[in-house]
**Student:** 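Below is one structure. I have some questions about it.
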Amino acid sequence: MDSTNSQSEISRLFNSLLATCISEQASDLHLSAGLPPYLRVQGVLGPLPNHPNLSPGELALLVELLTRDLDSKSLSVTGSVDGALSSVDGTRFRFNIYKRSGEYSIALRRLEDRIRELSELGLSNDLYRLANLKDGLVILAGPTGCGKSTTLATLIDRINRTRACHVVTIEDPVEYIHPCRKALVNQRQIGSDASSFNEALVASMRQDPDVILVGEIREINTIRTAITAAETGHLVFTTVHASDCAGTIDRLVSVFPVDEQPGIRRQLAMVMRTVIAQHLVVADGPKNTSYGNNENTKSKLVLASEVLNVNSAVANLIANGKDAQIYSVMETGAAEGMYTMEENLVDHLLRGEISEARATALCRNPKVLYNRMQQKRRGVTRAT
C-alpha cells in the first residue's frame, strides 16, 4: 500500500473511531500503539470491544495527519503536543499527542456540543455583567480539567451575541468555535497561527481588538503584556492555574523579581476586575447535576466556585500585599456578588449534592466550613 492509500485508510479508521466515541456518548478516546482503542463512558474507561490493537505504524501515520498544521517541533522537543479538530459531523475534540516508550499515544476529549448558560455550568448569571466591561483583567482560576475554558467560552459567546466589537482569542488549542454574530471574532491557535502566547498577545494589540482572550498566562512576559493590554483600554480574559482567588494574585506576582513586585501589585490593583476560582467535585447526593457534554457522558460532577470582585477595598489590599485579608472582604461582599469557596460548598452540602468529606477536602478551613453550615441551618444570612 502506497503512502497515499495508507493515509486514506488511517483517516477512515480515525473518523470511524470518532463516530463511535460520539455514538457511545464517550467523553474521552484513547489511542495507543499495541493496544485497542479505549473509551471513557460515564467515567469508566475500557477497551473498545472486538477492536484489534492499533499498530505503531498506524499511530505514526495518524500523528503525521494530526500534526500537519501544528508545531510538530514541540512533539520532538517536549514529547507532547496539543491540538483540536472537528469530526465529520462537526463535533469538536481536543487532543494531546504524547510519546511513551518510544511510541505514540493520543488522548482525545470530546468537547461540549453547544455553549451552555452560566447557570447550567453552576455559576450565577449575574456574572454575564463581565461581558459588558470595557476594559480590565478577568481571570478564571483552577486546576487542569476544572472547566475554565468552558466558562470562558460562555462569556465570549455572550459578548459575541450582544456587542458590536472585535474579539481576538489566543488559544492552545482552539477548543470552542465562535462564528461571528454581532461581534467580529478572530481565533488564533498557538503552533499554527502564532508561535507563542506572548508574541500573539503583543501582535493582537495592533489588530484593533476590544476584547482579548488569552488561553493561559503563566510566564513573565505574557503576564506583563496582559496587564499592559488591560491598562490600555482592552478587556482581557485569561486563565491561571491557582486553587483560589487570593492564590491567583500571589501566583501572578510571584513570577516577577522581588524588586518588581510592588509595581506589579499596583498595576494589578488598577486593572483586575474579577477572579473566579472553580473546581469540579464528584457528586454524591440524589440531586446530582452533570457538568460536561451530556448527562450520560461523565461521572456526575458539581462545580464549586468562589468569586472575587475587585472594589476599592480589595484593590487597596492587593496593592499593599495584604492578600490574606481579601477573604474577609469576600465574606461580607454578598451585595457585590462575592462569595468564598466555603460558602459555595455549604450550599452544595445543604442541597445534598456532595458529601461532607468531599467538601472538607476542598475547603481551605474545615472549621469555617462547619461554622458556616451551622449558621445556614439556623437561618443566619451573610452580612452584606
Side-chain angles (χ1 to χ4, degrees), residues 15 17-30 39-45 66 82-96 106-125 127-128 130-131 138 140-162 167 169-181 183 185 187-190 211 213-216 237-239 276-283 288-305:
N15 287 332
L17 290 172
L18 294 181
T20 301
C21 181
I22 295 165
S23 65
E24 294 295 322
Q25 295 186 324
S27 61
D28 300 86
L29 169 65
H30 292 266
L39 294 176
R40 186 181 298 277
V41 181
Q42 296 184 20
V44 179
L45 184 67
L66 293 177
D82 293 312
L85 57 89
S86 296
S87 66
V88 173
D89 73 349
T91 301
R92 291 287 288 174
F93 287 83
R94 180 182 69 205
F95 64 82
N96 178 270
I106 307 171
L108 298 105
R109 165 66 54 87
R110 184 161 67 95
L111 301 175
E112 293 271 352
D113 54 8
R114 65 182 178 89
I115 295 177
R116 296 174 180 262
E117 296 291 318
L118 286 175
S119 58
E120 293 180 83
L121 302 181
L123 293 166
S124 170
N125 280 340
L127 290 171
Y128 278 127
L130 300 174
V138 176
L140 268 291
T144 299
C146 72
K148 299 187 294 295
S149 296
T150 302
T151 302
L152 280 180
T154 297
L155 292 171
I156 294 298
D157 182 67
R158 174 55 64 99
I159 293 172
N160 189 20
R161 292 176 181 275
T162 60
V167 180
T169 77
I170 305 164
E171 305 170 73
D172 184 20
V174 172
E175 296 186 10
Y176 296 89
I177 303 297
H178 297 276
C180 297
R181 301 187 187 278
V185 183
Q187 297 183 257
R188 307 188 68 201
Q189 181 163 306
I190 301 302
V211 179
L213 182 148
V214 188
E216 183 180 357
F237 291 90
T238 191
T239 71
I276 303 168
Q278 58 184 59
H279 295 257
L280 288 176
V281 187
V282 177
N288 295 349
T289 56
S290 175
Y291 187 102
N293 303 318
N294 180 284
E295 288 192 357
N296 296 318
T297 65
K298 297 184 179 182
S299 298
K300 301 300 183 179
L301 299 171
V302 166
L303 184 72
S305 62

**Student:** Would the distance check show the side chain of K148 and the main-chain N or O of P143 forming a donor-acceptor pair, the cut-off being under 3.5 Å?
**Tutor:** yes
**Student:** Report the residues that fulfil salt bridge (charged side-chain N to carboxylate O under 4.0 Å, His left out) with D82, sequence neighbours left out, ordered by chain and then residue number.
**Tutor:** none
**Student:** Quick one: side-chain hydrogen bond (donor to acceptor under 3.5 Å, both in side chains) partners of T91, sequence neighbours excluded?
**Tutor:** D89
**Student:** Can you check whether V214's main-chain N or O pairs, donor with acceptor, with T238's side chain at less than 3.5 Å?
**Tutor:** yes
**Student:** Say whether, by atom type as modelled, one donor and one acceptor occur between the side chain of N96 and the main chain of A107 under 3.5 angstrom.
**Tutor:** no
**Student:** Output yes when a side-chain donor or acceptor of Q187 lies under 3.5 Å from a complementary backbone atom of I177, and no otherwise.
**Tutor:** no
**Student:** Is the shortest side-chain N to carboxylate O distance from E120 to R114 below 4.0 Å?
**Tutor:** yes
**Student:** Of the non-hydrogen atoms in R158 and A131, which two are nearest, and what is the gap between them?
**Tutor:** CG-CB, 3.7 Å
**Student:** So, using side-chain hydrogen bond (donor to acceptor under 3.5 Å, both in side chains) as the criterion, who are the partners of R92 when residues are at least two apart?
**Tutor:** S86
**Student:** Please answer whether the main-chain N or O of L39 pairs with a side-chain N or O of E24 as donor and acceptor at a distance below 3.5 Å.
**Tutor:** no
**Student:** Check side-chain hydrogen bond (donor to acceptor under 3.5 Å, both in side chains) between T144 and all other residues, then give those that pass, not counting sequence neighbours.
**Tutor:** H241
**Student:** Would a distance-only check, ignoring hydrogens and angles, find a side-chain to backbone donor-acceptor pair under 3.5 Å from D157 to H178?
**Tutor:** no
**Student:** Considering residues at least two apart in sequence or located in another chain, which fulfil the salt bridge (charged side-chain N to carboxylate O under 4.0 Å, His left out) criterion with R188?
**Tutor:** none
**Student:** Mind checking side-chain hydrogen bond (donor to acceptor under 3.5 Å, both in side chains) for R181 and listing every partner two or more places apart, or none if nothing turns up?
**Tutor:** none
**Student:** If we only count heavy atoms from C-beta on, is the L130 to I276 side-chain gap below 4.5 Å?
**Tutor:** yes
**Student:** Of all the heavy-atom pairs spanning P173 and G83, show the shortest one and how long it is.
**Tutor:** CG-O, 3.2 Å
